[in-house]
Structure formats: structure tokens, C-alpha cells
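Report on the structure given below.
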Amino acid sequence: MVSVFSSRVYGSWKEKQLEKYEDLLPVLLEVLPRVLRVLDVGVGRAWFEKFLLDNGFVLERVVGVDVDEDMVEPRKKFVEYHLTNDFRTGEEFDLLVCFDSYHLLPEDYLDRFKARFVLVSVPKHFSATLKRLKGRIIRKGVIGRQEEDVFVLVERGF
Ligand SMILES: C[S@@+](CC[C@H](N)C(=O)[O-])C[C@H]1O[C@@H](n2cnc3c(N)ncnc32)[C@H](O)[C@@H]1O
């Protein structure tokens with residue numbers, strides 16, 4: 001599918017993304033179960049899931065959805081990839097993640113998925129899009145230094 005990003009430019013964002021994940025870590029450790037089944041929409045290179053693994057989480061299953069085959073390269077062995085803009089599944093996940101991609105998705109796209117927790121982070125100037133998110137807000141805040149994001153962690157139940 002056609003890329004909205006350059007995967008070469010995306011490669012240079014790793015440090016910026018890691019800063020945001022680091023800022024989130026205390027919240028993740030406090031709220032999330034240590035063993036997770038994760039669905040990531042806009043998974044890119046799955047840096048977030050690698051970060052979770054590096055920080056003691058056990059990922060039972062990782063399903064990664066993206067529209068751009070270049071953005072997911074190099075692929076991670078622990079991710080089951082689906083390259084589509086219309087992913088559907090009845091599977092239940094502990095965590096649905098949408099990191100810096102929620103503002104690129106059709107409205108209500110995440111509502112079709114079953115997940116106990118939903119973590120969404122968007123660049124600050126897209127923070128208004130977070131109002132669409134359904135679920136009980138557990139935490140929200142600002143993360144990142146080189147680039148500031150607004151994140152929301154909601155609990156939905158299955
Ligand atoms: C800024 S990157 C973020 C990647 C990753 N979440 C991270 O934290 O590094 C946004 C990703 O969303 C993907 N994307 C854009 N539109 C999408 C859609 N409709 N469905 C799934 N992924 C999409 C892009 O291809 C890209 O990989």
C-alpha cells in the first residue's frame with residue numbers, strides 16, 4: 001500500500017519514540033498485567049513491544065496491523081503481521097495499542113476490537129482526536145521531550 005511516511009525517516013525517530021515509552025513506563029508498570037496479549041494498530045517496527053519485552057513484560061501474543069509494508073521492516077519474529085486498513089478479529093486482547101497512529105485511522109476504527117486496556121498516544125497538536133476514544137480514562141498526560149505526545153490509557157473490559 002501507499003506510504004504516508006518515509007520508512008527511512010521513520011528509522012531516525014527511534015530515539016524520540018523511546019523517550020516517550022520511557023516516560024510511560026511507570027504507568028505501564030503500575031496498571032498493566034505483566035503478561036499481555038497485545039494488538040498494535042499502526043505497529044511500524046514494533047519498537048513499543050520490544051520496549052515492553054526489555055522491561056519485564058511477557059508478551060504471550062503480539063498482533064501488529066499496518067498499512068505500509070516498508071514501515072514494518074525489519075520485521076520482528078514475535079509479531080503476527082496484518083497489512084490492511086480494515087483489520088477485523090473477534091479475538092480478545094489485554095492491550096490495544098495505537099502509538100502515533102490514532103490520528104491517521106478512520107474514526108471509530110478501534111471500537112471494533114475487544115481489549116481490556118487501550119493505550120493511545122498522539123502528537124500534541126492531534127490531542128483533540130482523543131475525545132473519540134471510548135472507555136474509562138485511567139491515566140492521561142504528556143510524554144516525550146524531543147517530540148511531545150498526549151497519551152490516554154483507558155480501561156474498557158471485554
Ligand atoms: C508514526 S508511525 C508509528 C509507528 C509505531 N506505532 C511507533 O510507535 O513507532 C505511524 C504508523 O501507522 C501506520 N498507519 C497509517 N495509517 C494506518 C491505518 N489506516 N491502519 C494501520 N496502520 C496505519 C503507518 O504506516 C505507520 O507505520
Side-chain angles (χ1 to χ4, degrees), residues 1 4-5 13 16-68 71-72 75-76 78-144 147-158:
M1 285 200 202
V4 286
F5 294 101
W13 291 352
K16 281 200 284 193
Q17 296 303 83
L18 284 174
E19 277 182 359
K20 297 179 212 168
Y21 308 156
E22 284 287 352
D23 288 351
L24 262 180
L25 187 59
V27 172
L28 303 176
L29 290 171
E30 187 191 330
V31 175
L32 296 180
R34 227 29 58 94
V35 180
L36 293 168
R37 296 162 296 168
V38 179
L39 170 62
D40 189 333
V41 180
V43 66
R45 295 190 186 171
W47 290 329
F48 181 70
E49 288 71 20
K50 173 71 170 57
F51 177 81
L52 290 177
L53 288 167
D54 290 345
N55 284 282
F57 287 90
V58 175
L59 303 186
E60 255 182 11
R61 178 157 165 71
V62 181
V63 175
V65 180
D66 208 293
V67 287
D68 187 334
M71 290 293 281
V72 302
R75 294 187 184 212
K76 302 278 190 305
F78 58 82
V79 179
E80 176 188 299
Y81 291 93
H82 294 268
L83 289 170
T84 172
N85 60 6
D86 189 23
F87 183 64
R88 288 173 192 276
T89 176
E91 192 174 341
E92 292 179 355
F93 295 90
D94 303 296
L95 180 63
L96 167 57
V97 186
C98 205
F99 217 102
D100 281 334
S101 46
Y102 184 65
H103 55 296
L104 305 170
L105 305 177
E107 257 188 76
D108 305 334
Y109 187 47
L110 297 191
D111 295 350
R112 66 175 69 176
F113 302 117
K114 290 187 208 162
R116 179 166 173 214
F117 294 101
V118 183
L119 174 64
V120 171
S121 183
V122 292
K124 225 175 169 182
H125 50 284
F126 287 106
S127 58
T129 61
L130 295 172
K131 292 193 187 105
R132 315 196 291 240
L133 200 56
K134 296 200 175 70
R136 184 174 68 88
I137 295 176
I138 305 181
R139 297 280 189 286
K140 63 180 174 184
V142 176
I143 48 174
E147 178 182 80
E148 283 191 325
D149 267 21
V150 179
F151 82 91
V152 179
L153 179 63
V154 305
E155 186 165 19
R156 265 194 195 164
F158 291 117

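Any value given below was found using the heavy atoms of this structure, including those in side chains, with hydrogens, waters and symmetry copies removed.
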| request: Please determine if R132 forms a cation-pi arrangement with Y102, meaning its NZ or CZ atom is less than 6.0 Å from the six-membered ring centre and no more than 45° off the ring axis. | output: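 Yes, R132 lies over the aromatic ring of Y102.
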Any chance you could measure [X], atom [atom1], to [Y], atom [atom2], to the nearest 0.5 Å?
| X | Y | atom1 | atom2 | value |
| --- | --- | --- | --- | --- |
| D23 | E148 | CG | CD | 9.5 Å |
| F99 | L24 | CZ | CG | 5.0 Å |
| N85 | D68 | CG | CG | 12.0 Å |
| R34 | L28 | CZ | CG | 9.0 Å |
| F126 | D100 | CZ | CG | 10.0 Å |
| L53 | L59 | CG | CG | 4.0 Å |

**Prompt:** Is it true that a side-chain atom of T89 and a backbone atom of F113 form a donor plus acceptor pair closer than 3.5 Å?
**Reply:** no
Using a 4.5 Å cut-off on heavy atoms from C-beta on, say whether the side chain of [Y] contacts that of [X].
| X | Y | answer |
| --- | --- | --- |
| E30 | L153 | no |
| F51 | E22 | yes |
| D108 | K134 | yes |
| F117 | I138 | yes |
| V38 | V97 | yes |
| L104 | V67 | no |
| E49 | V43 | yes |
| F57 | L29 | yes |

Determine the minimum heavy-atom distance between [X] and [Y], stating which atoms define it.
| X | Y | answer |
| --- | --- | --- |
| Y81 | G44 | CE2-O, 4.4 Å |
| L119 | F151 | CD1-CD1, 4.1 Å |
| P33 | R116 | CG-NH1, 4.4 Å |
| I143 | S121 | CD1-OG, 3.6 Å |
| S101 | V41 | OG-O, 2.9 Å |

*Show your reasoning for whether side-chain contact (heavy atoms from CB on, under 4.5 Å) applies to L110 and V120.*
CA-CA 10 Å; L110 297 191; V120 171; 3.9 Å; yes
Walk me through whether R75 and D66 qualify under salt bridge (Lys or Arg N to Asp or Glu O under 4.0 Å). CA-CA 12 Å; R75 294 187 184 212; D66 208 293; over 6 Å; no
Self-check item: Mutual orientation of the aromatic rings belonging to H82 and F87 [parallel < 30°, tilted 30-60°, perpendicular > 60°]
Solution: tilted
inquiry  = Looking at K76, I'd like to know if its NZ atom is crowded, meaning that more than 12 non-hydrogen atoms belonging to other residues, nucleotides or ligands lie closer than 6.0 Å.
reply    =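 Yes - once you tally the heavy atoms of other residues, nucleotides and ligands closer than 6.0 Å, there are more than 12.
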| Carboxylate-amine/guanidinium proximity below 4.0 Å for R37 and E91 |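 No, no charged N to carboxylate O under 4.0 Å.
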Per salt bridge (charged side-chain N to carboxylate O under 4.0 Å, His left out), D149 is matched among K140, K124, K20 by K20
- Task: For the pair K50 and V79, evaluate side-chain contact (heavy atoms from CB on, under 4.5 Å) and give the outcome as yes or no after the intermediate values.
- Result: CA-CA 10 Å; K50 173 71 170 57; V79 179; over 6 Å; no
